[in-house]
Each structure stands twice: as structure tokens, then as C-alpha cells.
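To keep things clear, I will list the structure first and then write my remarks on it.
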Amino acid sequence: MYSIYVVFKSFPGKREEFIKKVNTEGIADAVRAEDGCICYDYYFSEKDENEILLIEKWESKNHQQVHLDQPHMVRLREFKGDYIDT
């Protein structure tokens, strides 16, 4: 299994809007349906209202690498900068 943990900082007040956009665009569901995806979940920090933790688990590193080039990930990158600072 190959796991990735990513911490994002949203622009102030944009954390929930980002996750809503990810879901309404169908991106989270599309990722979860990808071959080799075991887990793809976002979590909110209780200490920092602008922090998001993404946990991804894949059957292999290759599965995760293929995932990066999927059309829904291209779409995510198109709007991510409107919500995520770093």
C-alpha cells in the first residue's frame, strides 16, 4: 500500500467552499472510483480553521501516479488556486 498525507492551507473562510466544490464537481467520487484507490478523504483541523488534511491510500505508487493525470485531477487544479493558498 502507498499512502500520502497532504496538509493544505485555504484562504481565510474558503476551507468548506473548497471541499464543497470538490464534491459538487464529482472529483472525490471520481478519485475513489479509480483503479487502485483505497482511500481519498479530506479532514478539517479543529485548531486551524483554514487547514485541510488530505489522506490518500493506493494499492501502489504507480496507481497514485496514474491518478495525477486523470481529467478530474486536471479540473481540480483549474480551481484549486481560488481556494487553497499553500
Side-chain angles (χ1 to χ4, degrees):
M1 181 169 47
Y2 182 72
S3 300
I4 297 175
Y5 299 83
V6 182
V7 177
F8 297 108
K9 288 286 190 175
S10 70
F11 292 114
K14 296 287 188 176
R15 181 176 74 174
E16 285 81 3
E17 288 180 43
F18 173 68
I19 298 304
K20 183 177 180 180
K21 180 82 170 174
V22 167
N23 286 315
T24 59
E25 292 275 336
I27 292 168
D29 288 338
V31 172
R32 291 178 186 126
E34 286 182 50
D35 184 45
C37 183
I38 297 168
C39 170
Y40 183 86
D41 292 307
Y42 290 96
Y43 298 88
F44 293 157
S45 169
E46 69 178 87
K47 293 181 181 180
D48 183 342
E49 64 185 23
N50 299 312
E51 188 173 274
I52 304 167
L53 170 64
L54 169 62
I55 298 176
E56 297 182 41
K57 295 181 182 177
W58 297 89
E59 289 180 18
S60 70
K61 183 175 182 176
N62 186 60
H63 284 98
Q64 194 273 336
Q65 294 297 303
V66 169
H67 148 78
L68 295 174
D69 294 326
Q70 298 303 307
H72 46 272
M73 294 309 295
V74 172
R75 176 67 186 130
L76 176 66
R77 288 189 290 273
E78 290 173 354
F79 66 79
K80 183 177 168 187
D82 295 336
Y83 302 92
I84 302 299
D85 188 22
T86 57

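Taking the centre and axis of the six-membered ring of Y83, the NZ or CZ atom of K21 falls outside the cone set by 45° and 6.0 Å.
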Exercise for review: Go through the steps to decide whether D35 and V66 satisfy the test side-chain contact (heavy atoms from CB on, under 4.5 Å), and finish with yes or no.
Suggested key: CA-CA 9 Å; D35 184 45; V66 169; over 6 Å; no
Exercise for review: Report the C-alpha separation of E17 and K20 in whole Å, then their side-chain angles, then the decisive distance to 0.1 Å, and conclude whether the salt bridge (charged side-chain N to carboxylate O under 4.0 Å, His left out) test is met.
Suggested key: CA-CA 5 Å; E17 288 180 43; K20 183 177 180 180; over 6 Å; no
Exercise for review: In sequence, state the C-alpha distance, the side-chain angles, and the governing distance for M73 and H67, and then conclude on side-chain contact (heavy atoms from CB on, under 4.5 Å).
Suggested key: CA-CA 8 Å; M73 294 309 295; H67 148 78; 3.2 Å; yes
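Separating the CD atom in Q64 from the CH2 atom in W58 is a distance of 6.5 Å, to the nearest 0.5 Å. Expressed to the nearest 0.5 Å, how far CD of E56 lies from CD1 of I4 amounts to 4.5 Å. The NE2 atom of H63 sits 13.5 Å away from the CE atom of M1 when rounded to the nearest 0.5 Å. Atoms NE2 and CD, on H72 and E25 in that order, are 12.0 Å from each other to the nearest 0.5 Å.
Under the 4.5 Å side-chain heavy-atom criterion for grouping Ile, Leu, Val, Met, Phe, Trp and Tyr, L68 is not connected to L54 through any hydrophobic cluster. L53 is not connected to V31 by any chain of hydrophobic side-chain contacts under 4.5 Å among Ile, Leu, Val, Met, Phe, Trp and Tyr, and they are in different clusters. One hydrophobic cluster, built from ILVMFWY side chains closer than 4.5 Å, cannot hold both F18 and Y43; they sit in different ones. Cluster annotation: F11 is not connected to F8 through the hydrophobic network of ILVMFWY side chains, with a link wherever side-chain heavy atoms come within less than 4.5 Å. Placement of V7 and I55 within a single hydrophobic cluster is found when ILVMFWY residues are connected by side-chain heavy-atom separations under 4.5 Å, directly or transitively.
Under the side chain to side chain contact (heavy atoms under 4.5 Å, CB included) criterion, K61 pairs with Y2, Q65, not counting sequence neighbours. Not counting sequence neighbours, the partners of N23 by the side chain to side chain contact (heavy atoms under 4.5 Å, CB included) test are I19, A28. Annotation: side chain to side chain contact (heavy atoms under 4.5 Å, CB included) contacts of D48 (sequence neighbours excluded): K9, S45, N50, E51.
You'll find the side chain of Y40 stays beyond 4.5 Å of the side chain of E34, heavy atoms only.
Other residues, nucleotides and ligands contribute only 12 or fewer heavy atoms inside 6.0 Å of the CD atom of E46.
Using modelled atom types, no side-chain atom of R32 and backbone atom of C37 make a donor-acceptor pair closer than 3.5 Å.
The shortest non-hydrogen separation linking R75 to I27 is CG-CD1, 4.2 Å.
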